[in-house]
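Okay, structure first, notes after.
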Amino acid sequence: MNQERLLQVLLAPQISEKATFIAEKNEQVIFKVASTATKPEVKAAVELLFKVEVKSVQIANVKGKTKRFGRSIGRRKDWKKAFVCLKPGQEINFAAGE
């Protein structure tokens, strides 16, 4: 796979209460990914950037919320979320300043 493409696949780690609970329970990490990303691309990107071994990847499409601004109704963008399951013993630490 093209290394330039892999660097654009992962947008940001999804850090929330639910994400933290999943990370501790299932050894999974959640990322916000490009809307065109595929499972093999996400797996390759995580392995390349964080030097860890990935067991599996699940992807969910998140629908954007409808919001009101006065009279007009707007809509947030749809986005993609990837649940990356790491092999036992592997860990990604976002808090450490590398």
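Just so you know, these numbers come straight off a predicted model, no measurement behind them. Residue numbers count from 1 along this sequence.
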Side-chain donor/acceptor of Asp78 to backbone N/O of Gly64, under 3.5 Å: yes
Rounded distance (nearest 0.5 Å) linking atom NZ of Lys51 with atom CD1 of Ile92: 11.5 Å
Flag yes if Leu49 and Leu86 sit in one hydrophobic cluster, no otherwise; membership is Ile, Leu, Val, Met, Phe, Trp, Tyr, and two members link when side-chain heavy atoms are under 4.5 Å apart. yes
Is the number of heavy atoms from other residues, nucleotides or ligands within 6.0 Å of NZ (Lys39) greater than 12? no
Result for side chain to side chain contact (heavy atoms under 4.5 Å, CB included) between Thr36 and one of Arg5, Gln8, Glu41 points to Arg5
Any side-chain heavy-atom pair from Val42 and Phe31 closer than 4.5 angstrom? no
Are Val62 and Val57 connected in a single hydrophobic cluster, I mean Ile/Leu/Val/Met/Phe/Trp/Tyr linked by side-chain heavy atoms less than 4.5 Å apart? no
So, do Gln28 and Gln58 sit near enough that their side-chain heavy atoms are less than 4.5 Å apart? yes
Which heavy-atom pair separates Glu47 from Val54 by the least distance, and what is that distance? OE2-N, 3.2 Å
Nearest non-hydrogen partners of Trp79 and Lys81, listed with the distance: CZ3-CB, 3.8 Å
Out of the candidates Asn26, Val29, Ile30, only one should pair with Phe83 under the side chain to side chain contact (heavy atoms under 4.5 Å, CB included) rule; please name it. Ile30
Please examine the side chains of Val84 and Phe50, heavy atoms only from C-beta on, and report whether any two atoms are closer than 4.5 Å. no
State, yes or no, whether a side-chain contact exists between Thr38 and Val9 at a heavy-atom distance under 4.5 Å. no
Quick check: does any side chain N or O of Glu53 sit under 3.5 Å from a backbone N or O of Gln90, one acting as donor and the other as acceptor? no
